[in-house]
Structure formats: structure tokens, C-alpha cells
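Step one of this worksheet: look at the structure below.
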Amino acid sequence: MPRYRPHVAARPSWRCRVCGAAWPCSPARLALLAEYRENRTGLLIYLGALLYEATDDLTESDGLADRFLTWARAR
């Protein structure tokens with residue numbers, strides 16, 4: 001049985017340690033939505049803090065708000 005590996009960011013690249021996609025990758029987004037399912041505001045605050053950290057690490061900051069925040073907004 002394969003062991004689950006959490007899809008977390010590798011810093012300073014902000015790529016997923018498991019799949020190599022730009023973080024938060026799809027599996028990370030699903031896990032975050034599940035973890036914060038009763039607290040969307042808390043999720044957005046957490047992601048906002050990570051966005052702030054990512055802006056220090058990444059030279060290309062265009063699209064970071066979409067990458068980190070827009071997907072998590074309530075629909």
C-alpha cells in the first residue's frame with residue numbers, strides 16, 4: 001500500500017516537493033480545502049501569510065495572488 005506524502009512547498013522555489021508543480025498544486029489545494037472546510041476565512045489568512053513569504057523568495061510575482069488566494073475564495 002503506497003504511503004501518502006503531503007504536497008507541501010519546497011522553499012525558496014515554491015514548487016511541490018511531491019509532484020514538482022507550482023505550489024499550491026491541485027492535491028495541496030484539495031487537502032487545504034478539506035482541512036479548512038469549516039473555516040474559509042482561516043484558510044485565506046493562512047494563504048495570505050504564505051503569499052507574503054513567497055513574494056520574498058520569488059522574483060516573478062505576477063499571478064501570485066491568483067496562485068495563492070483566488071482559487072480558495074468561496075463560490
Side-chain angles (χ1 to χ4, degrees):
M1 174 180 238
R3 199 173 110 225
Y4 174 75
R5 294 175 49 202
H7 288 253
V8 295
R11 297 177 188 176
S13 69
W14 290 89
R15 311 279 309 166
C16 177
R17 290 183 184 272
V18 175
C19 67
W23 194 92
C25 59
S26 293
R29 290 178 183 192
L30 289 173
L32 288 165
L33 286 171
E35 182 177 345
Y36 286 90
R37 84 176 130 265
E38 299 297 324
N39 187 4
R40 187 63 60 105
T41 302
L43 173 59
L44 290 168
I45 291 169
Y46 173 67
L47 291 171
L50 293 178
L51 169 63
Y52 180 78
E53 291 178 26
T55 58
D56 286 341
D57 292 333
L58 300 173
T59 57
E60 182 61 45
S61 62
D62 290 345
L64 283 183
D66 287 336
R67 179 173 157 184
F68 279 83
L69 297 173
T70 303
W71 67 269
R73 289 178 33 212
R75 299 173 193 238

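Owing to the predicted nature of the structure, the values given are computational and were not obtained by experimental measurement.
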By side chain to side chain donor-acceptor pair (under 3.5 Å) - contacts of Asn39 (at least two apart) =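 Applying side chain to side chain donor-acceptor pair (under 3.5 Å) to Asn39 gives none.
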request  = Mind checking side chain to side chain donor-acceptor pair (under 3.5 Å) for Asp62 and listing every partner two or more places apart, or none if nothing turns up?
outcome  = none
ask   = Who are the salt bridge (Lys or Arg N to Asp or Glu O under 4.0 Å) partners of Glu35, not counting sequence neighbours?
value = none
Salt bridge (Lys or Arg N to Asp or Glu O under 4.0 Å) involving Arg5 - partner list, sequence neighbours excluded = none
[X] to [Y] - nearest heavy-atom pair and separation:
{"X": "Arg73", "Y": "Arg40", "result": "O-NH1, 3.3 Å"}
{"X": "Ala72", "Y": "Leu44", "result": "CB-CD2, 3.8 Å"}
{"X": "Asp57", "Y": "Pro12", "result": "CB-O, 3.5 Å"}
{"X": "Ala54", "Y": "Trp14", "result": "CA-NE1, 3.5 Å"}

Donor-acceptor pairs under 3.5 angstrom involving side-chain atoms of residues 22-31: please list them, not counting sequence neighbours.
| unit_1 | atom_1 | unit_2 | atom_2 | d |
| --- | --- | --- | --- | --- |
| Trp23 | NE1 | His7 | O | 2.9 |
| Arg29 | NE | Pro24 | O | 3.0 |
| Arg29 | NH2 | Arg67 | O | 3.3 |

remark   = The complete set of side-chain hydrogen bond (donor to acceptor under 3.5 Å, both in side chains) pairs with one or both residues in residues 44-53, sequence neighbours excluded, reads Arg11-Glu53
query = So if you build clusters from Ile, Leu, Val, Met, Phe, Trp, Tyr with side-chain heavy-atom gaps below 4.5 Å, do Tyr36 and Leu33 land together?
reply = yes
remark   = Rounded to the nearest 0.5 angstrom, the CD1-CG distance for Ile45 and Leu50 is 12.5 Å
By side-chain contact (heavy atoms from CB on, under 4.5 Å) - contacts of Ala49 (at least two apart) = none
task = Show your working on side chain to side chain contact (heavy atoms under 4.5 Å, CB included) between Leu47 and Trp71 and close with a plain yes or no.
result = CA-CA 11 Å; Leu47 291 171; Trp71 67 269; 3.6 Å; yes
